[in-house]
There are 2 protein chains.
Amino acid sequence: MAPRILDRSLIRGFELFRDMTEDNLDAVLTTVQVRRLAPGDTVFEQGEAAREFFVLLNGHLKVMQITKDGQQVVVRHVHPGDVFGIAKAIKRNDYPATAEAVTESLVLAWSASQWQDFVALNPALAVNALEAVGERLHEAHTRIRELSTEEVERRVANALLRMVRKAGTATEDGMLIDFPVTRQDIAEMTGTTLHTVSRLLSGWQDQGLVKSARRKVTVTNVDRLKAIADQT
Amino acid sequence: MAPRILDRSLIRGFELFRDMTEDNLDAVLTTVQVRRLAPGDTVFEQGEAAREFFVLLNGHLKVMQITKDGQQVVVRHVHPGDVFGIAKAIKRNDYPATAEAVTESLVLAWSASQWQDFVALNPALAVNALEAVGERLHEAHTRIRELSTEEVERRVANALLRMVRKAGTATEDGMLIDFPVTRQDIAEMTGTTLHTVSRLLSGWQDQGLVKSARRKVTVTNVDRLKAIADQT
DNA sequence: CGTCCCGTTGATCCCTATCAAATGTAGTGG
DNA sequence: CCACTACATTTGATAGGGATCAACGGGACG
């Protein structure tokens with residue numbers, strides 16, 4: 001049975017495939033594999049041989065590095081439309097981190113060996129990937145600056161604001177981060193402990209800046225949280 | 001008078017230009033500008049419009065971000081052969097950081113608008129740039145992990161080892177970092193203060209791990225410093 | 001309905017920033 | 001060539017932000 005070709009419209013809007021012709025999109029889609037992930041499933045793990053690269057169709061992933069003594073650091077979040085796991089494209093043979101589903105997710109997977117073929121077919125792909133990686137590099141530098149110079153309170157405020165920006169949905173209470181987040185997660189994103197995050201959120205909740213429940217955070221007053229993030 | 005074309009051999013060895021034909025190399029060199037920098041000179045400054053991109057011919061640069069309250073964070077060092085300031089290629093209109101010469105340096109500069117032309121001429125350029133940026137992203141993630149989970153002592157040890165790896169020359173005392181480094185510089189690379197760095201270096205000097213003078217550091221016992229960097 | 005996971009809150013301690021001051025070193029101009 | 005100055009480094013004293021240790025409360029899910 002011939003593989004059913006996914007509809008082009010699924011991926012047409014994605015930055016990575018910008019400017020691709022219909023034919024090229026179809027060519028790319030003939031070899032794609034779609035994979036469903038339950039929360040907690042991993043797409044790949046740190047140190048594993050990089051056999052594939054991916055685009056997130058929907059859902060949410062977190063990418064993390066694990067230290068020798070088992071501490072986890074969340075390196076970034078993957079949102080729908082993002083490429084990830086392009087280790088091969090950047091001359092690595094293994095994945096430098098682990099990608100884990102936070103919510104139920106759908107992932108598009110291609111064999112890493114096809115990357116070169118796709119680029120040959122459509123050189124703009126490398127340009128688009130360069131843009132994506134460049135933006136992430138900039139974000140990484142911003143985090144380095146925060147970790148180096150800012151106190152925990154500001155870092156946590158910034159992390160919340162960033163999540164709201166990338167994955168916030170308006171509710172009557174305010175901006176809800178629309179995927180599950182634990183205190184531990186926020187701690188791993190900001191280089192602190194879940195205890196400190198818990199204390200901060202409790203304090204902010206008392207002041208009416210946020211509202212939080214189990215694995216759920218809503219920012220009720222974005223401006224005042226920004227004021228904390230920007231405090232000089 | 002026709003501009004004198006620089007010799008191809010100058011840049012042939014650079015990763016960015018890998019796989020380029022002689023003709024393409026010549027084409028690229030016809031529009032290059034060479035710029036000499038004295039220590040302390042900047043190539044570009046944070047926030048400035050990104051009109052050019054660069055390759056370092058020789059010397060050493062540091063790239064830093066400056067916070068609103070004036071603190072500096074060293075984002076990375078530029079070594080000969082590295083591309084830098086490719087803001088435009090990653091869809092930014094301004095430079096996100098400041099690049100300053102640490103030693104006397106020679107820089108090759110091209111108008112940013114030529115980036116697209118060069119890529120059209122030679123698509124491998126985008127692939128090579130992607131590799132370079134990807135590697136930097138990986139380094140940035142490593143630093144994020146260090147800043148999040150490791151104590152100052154290990155971070156400083158790692159920073160020294162990294163400088164030795166990238167710019168170390170063997171001397172009779174050990175591995176000398178072959179560009180001027182102050183305590184302040186190391187502090188800005190590791191998210192600590194010059195006082196703490198000074199205390200650490202003094203301690204290590206007493207134990208015979210390093211030897212340091214004004215703006216100069218030599219690692220005399222790489223293995224024992226590695227042990228500190230790796231301590232679990 | 002018990003168990004696991006997540007969150008809260010208190011008490012304590014220590015790493016490292018901060019404050020302060022002195023010493024050393026290179027460079028400069030008279 | 002020396003006095004003067006600017007910068008780099010060292011070292012001590014102190015304080016405080018957060019990590020760590022500890023214990024408990026509460027909701028979700030099998």
Side-chain angles (χ1 to χ4, degrees), chain A residues 38-40 62 67 69-74 100 102-104 146-157 159-160 177 179-207 210-218 228 231, chain B residues 38-40 62 67 69-74 100 102-104 146-157 159-160 177 179-207 210-218 228 231:
Chain A
K62 60 179 176 184
T67 64
D69 56 320
Q71 286 184 81
Q72 294 186 352
V73 176
V74 174
E100 181 187 306
V102 175
T103 59
E104 165 138 1
E146 285 181 6
L147 285 165
S148 298
T149 66
E150 293 176 6
E151 306 205 326
V152 170
E153 184 177 40
R154 296 182 58 185
R155 302 208 302 264
V156 172
L160 289 183
I177 294 165
F179 57 88
V181 208
T182 65
R183 308 287 179 269
Q184 178 69 35
D185 288 330
I186 299 174
E188 288 172 4
M189 297 170 58
T190 53
T192 180
T193 62
L194 73 154
H195 309 272
T196 298
V197 173
S198 176
R199 280 182 242 269
L200 284 170
L201 288 184
S202 298
W204 290 339
Q205 179 144 14
D206 293 346
Q207 297 172 55
V210 304
K211 243 180 126 171
S212 73
R214 189 171 235 247
R215 294 157 67 80
K216 194 177 118 181
V217 180
T218 306
I228 290 175
Q231 91 201 182
Chain B
K62 59 178 177 184
T67 64
D69 56 321
Q71 284 183 83
Q72 296 186 352
V73 176
V74 174
E100 180 187 305
V102 176
T103 60
E104 163 137 2
E146 285 181 6
L147 285 164
S148 298
T149 65
E150 294 177 5
E151 306 204 326
V152 171
E153 185 178 40
R154 296 182 58 186
R155 301 207 303 265
V156 172
L160 289 183
I177 294 165
F179 56 88
V181 209
T182 65
R183 310 287 179 270
Q184 178 70 36
D185 288 330
I186 299 175
E188 288 172 4
M189 297 170 59
T190 53
T192 180
T193 61
L194 74 157
H195 309 272
T196 299
V197 173
S198 176
R199 281 183 241 270
L200 284 170
L201 289 184
S202 297
W204 290 340
Q205 179 144 14
D206 292 345
Q207 297 171 56
V210 305
K211 243 180 125 169
S212 72
R214 188 174 235 244
R215 294 158 68 81
K216 194 178 117 181
V217 181
T218 306
I228 290 175
Q231 89 199 185

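Throughout, a chain's letter reflects where its sequence line sits, starting with A, and its residues are numbered from 1.
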Ignoring backbone atoms, test whether B:R183 places a side-chain nitrogen or oxygen under 4.0 Å from the OP1 or OP2 oxygen of D:dA8. no
Please report the C-alpha distance between A:S212 and A:T218 in whole Å, then the side-chain angles of each, then the deciding distance to 0.1 Å, and finally whether the side chain to side chain contact (heavy atoms under 4.5 Å, CB included) criterion is met. CA-CA 6 Å; A:S212 73; A:T218 306; over 6 Å; no
Could you list by number each residue of residues 190-203 of chain A showing a heavy-atom separation from DNA chain C of less than 4.0 Å, or answer none if no residue does?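 Nucleic-acid contacts, sorted: A:H195, A:S198, A:R199, A:S202.
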Using atom [atom1] of [X] as one end and atom [atom2] of [N] as the other, report the distance to the nearest whole Å.
X	N	atom1	atom2	result
B:R215	D:dT9	CZ	C1'	13 Å
A:Q205	C:dT8	CD	P	7 Å
B:L147	C:dA17	CG	C1'	16 Å
A:E151	D:dG16	CD	P	12 Å
A:Q231	D:dG17	CD	C1'	13 Å
B:R154	C:dC15	CZ	P	15 Å
B:R155	C:dT16	CZ	C1'	10 Å

Measure from the side chain of B:R214, starting at C-beta and using heavy atoms only, and say which of C:dT16, D:dT9, C:dG24 lies closest.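 Looking only at side-chain atoms, B:R214 lies closest to C:dG24.
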When rounded to the nearest 0.5 angstrom, what is the spacing between NZ in B:K216 and CD1 in B:I177?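 Atom-to-atom, B:K216:NZ and B:I177:CD1 are 11.5 Å apart.
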Roughly how far apart are A:W204 CH2 and A:E153 CD, rounded to 0.5 Å?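 Here the interatomic distance stands at 5.5 Å.
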If we only count heavy atoms from C-beta on, is the B:K211 to B:Q205 side-chain gap below 4.5 Å? yes
Difference in axis direction between the ends of the helix from C:dC1-D:dG30 to C:dG30-D:dC1, five pairs, 10°: 40°
Side chain to side chain contact (heavy atoms under 4.5 Å, CB included) between A:V73 and B:T149: does it pass, once the steps are laid out? CA-CA 8 Å; A:V73 176; B:T149 65; 3.5 Å; yes
Of A:T182 and B:E150, the one whose closest DNA chain C nucleotide lies more 5': A:T182
